[in-house]
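Here the structure comes first, spelled out in structure tokens, and everything after it is commentary.
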Amino acid sequence: MTNKITIDQLTEQARQGGGEKRIEAQHAKGKKTARERVNLLLDPGTFVETDLFVLPRNANAQLNGSGAHFTDGVVTGWGKIDGRQVYVYAQDFTVLGGSLGEAHGMKIARLMDLAHQSGAPVIGLYDSGGARIQEGVESLAACGEIFTRNVLSSGIIPQLALIMGPCAGAAVYSPALMDFVFMEEQNAYMFLTGPEVVKAVTREEVDFNTLGGASLHAGESGVAQFLAANETEMIAQAKGLLSYLPSNNLTPPPYSPPTDDPRRPTPDLARIVPVEENQPYDVVNVIAEIADDGVFLEVHREFAKNIVVGFARMDGHPVGIVANQPLVLAGVLDIDASDKAARFIRFCDSFHIPLVTLVDTPGFLPGTAQEAGGVIRHGAKMIFAYAEATIPKVSLILRKAFGGAYIVMSSKHLRGDINFAWEHANIAVMGPEGAVNILNRRELAEANDPDQVRAQKVQEYRDTFANPFIAASRGYLNDVFAPVETRLKIIQALESLQDKRQPSPAKKHGNIPL
Ligand code: HXC
């Protein structure tokens, strides 16, 4: 073939993917092609493609009449994002439906090896019918090779999965093993078995979106950390996220010189957070007040909204933030919130991103659904993650920290480094009303005016137990201050911990309760 046409012609043919008609069909669905996506993602002119001339291994796949099969349905290579090296693979739906055959899989696997060995993030753009049916066990083997690399690279380099079309069958587990999954609202879906199989097995009739659409995975299943209205927005989100992440576990997170004064007072916090314990407020406003220039990149925004996690900068340094959200379910901890926070904490710990924890929670959500769902097991993940983490850990109790939630939320007892509370914070085994109902049950039952007795006992309880000074007197809190000092105090604490090193005991690995 190379004797008849020039290398330029051959290259051009290969870059056409599945050909004009299939590219048109792709555009008609509102989707970009693999190459258009890669070009949008990378700094202009930086993409270097590898393995362009790879063909499917299996003759049946090559000869099924679907046109050009160069690349074997995946565009692979490297380039730069904001001047930093990344490795990229983009499945090409115009070539054999982007399905994952042996050669396709090995291209991704080799690229992941390069990324791992070079210490640069890997970004996968997904648009595929899943394991290539014609290639049988070879395509399953290729999926497995990718999974293994996802696992071995975990905690070494950041791994991002951008789902821009179908992601079906065995293929879903690669994104699921990566650090962050992004999904596009119109065309992305992820499921193990499609609607046809669901119908055949369970007789349930369901459409693609209901079974595995972006809203489901961002909001309910928690599979996706980011939801994007379109591909352009998704790529902007991914770049935004990378700006907080180091390239690998041996490099510090990217510092960018701050424009915000580290000593800036934060008087508005006293207005944002009502003193009355039961009044809701949006903790994202608290974060914006504390963070450099009010900028916060929320992760997993649609999932377990009773806890907020994400990235910000403090005096130019990236930090991970975990905060109870009193606006949703009063900020209780539950199964999903525990999973969400634990995963985020472990990510930050893997990549040396310090954690700031903002505490305002009545505790764990009581009830049969939570107990039967395994809130003990899931809550334990959060404890494990906090206690295991060796990154700098700073916490601030804004208003209340009751019961197990006091311990769980980055307390001193889980190796928290610097722990703060605001002057009106309330730390106790349980809230005053609940405590009085238990401690004063007999008096309340015998009282002529139980409401008056209750009010008096609640006040006594508050005065005696529900304040930050008992914890401070034991050294469980390093300082108690007014909201206006918050930004400065947190930055001072983080600065003091900048070179923190805390070796973990030698062992293979712990056994996090999964
Ligand atoms: C081989 C595939 C393919 C696949 C799609 N194609 N998926 N070829 N293996 N897995 C091919 C189609 O034959 C077609 O080729 C081209 O890609 C475009 O597909 P269409 O069906 O025309 O596109 P569309 O209508 O947009 O539908 C996309 C789709 C559908 C929803 C993804 O193709 C589909 O349902 N595919 C199968 C999804 C799936 O169940 N995958 C799981 C694989 S098994 P032509 O030449 O006709 O254009 C697996 C192991 C399971 O992964 C393990 C579970 C743990």
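As the structure is a prediction and not an experimental result, all values here were calculated from the model. The basis for the numbers below is simple: all heavy atoms, side chains too, and nothing from hydrogens, waters or symmetry mates. Every number for a ligand or one of its atoms is a count from 1 in the order of the listing.
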So is [X] touching ligand 1 or not, going by heavy atoms under 4.0 Å?
X: Phe93; value: yes
X: Glu135; value: no
X: Arg22; value: yes

Atom 10 (N) of ligand 1: which of Ala131, Ala25, Ser99 has the nearest heavy atom?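 Looking at heavy atoms only, the winner is Ala131.
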
Heavy-atom distance to atom 36 (N) of ligand 1: which of Ser139, Gly129, Cys167 wins?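 Checking each option, the heavy atom nearest atom 36 (N) of ligand 1 is found in Gly129.
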
Between [X] and ligand 1, which residue portion shows a heavy-atom distance shorter than 4.0 Å: side chain, backbone, both, or neither?
X: Pro166; result: side chain
X: Ala170; result: both
X: Lys29; result: side chain
X: Thr193; result: neither
X: Tyr189; result: side chain

If you take all heavy atoms of Arg35 and Arg15, which pair is closest and at what distance?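 Scanning both residues completely, I find the closest heavy atoms to be NH1-O, 3.4 Å.
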
Looking at Arg343, is its backbone amide N or carbonyl O close enough to the side chain of Lys381 to form a donor-acceptor pair, meaning the two atoms are under 3.5 Å apart?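 The answer is no, because no donor-acceptor pair under 3.5 Å joins these two groups.
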
Is [X] salt-bridged to [Y], going by a charged N under 4.0 Å from an acidic O?
X: Arg37; Y: Glu231; value: yes
X: Asp51; Y: Arg110; value: yes
X: Asp82; Y: Lys239; value: no

Please identify which atoms of ligand 1 are closer than 4.0 Å to at least one heavy atom of [X].
X: Ala168; answer: 38 (C), 39 (C), 41 (N)
X: Gly169; answer: 42 (C), 49 (C), 52 (O)
X: Leu192; answer: 55 (C)
X: Gly97; answer: 16 (C), 17 (O)
X: Leu96; answer: 17 (O)

Answer yes or no on whether Lys107 is positioned over the face of Tyr89, meaning its NZ or CZ is under 6.0 Å from the six-membered ring centre and within 45° of the axis.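 Not satisfied by the 6.0 Å and 45° rule.
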
Please confirm whether Arg301 makes a cation-pi placement over Phe226, using NZ or CZ under 6.0 Å from the six-membered ring centre and within 45° of the ring normal.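 No, Arg301 and Phe226 do not form such a contact.
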
Is it true that [X] and [Y] have ring centroids separated by less than 6.0 Å?
X: Phe311; Y: Phe344; result: yes
X: Phe182; Y: His217; result: no
X: Phe347; Y: Phe351; result: yes

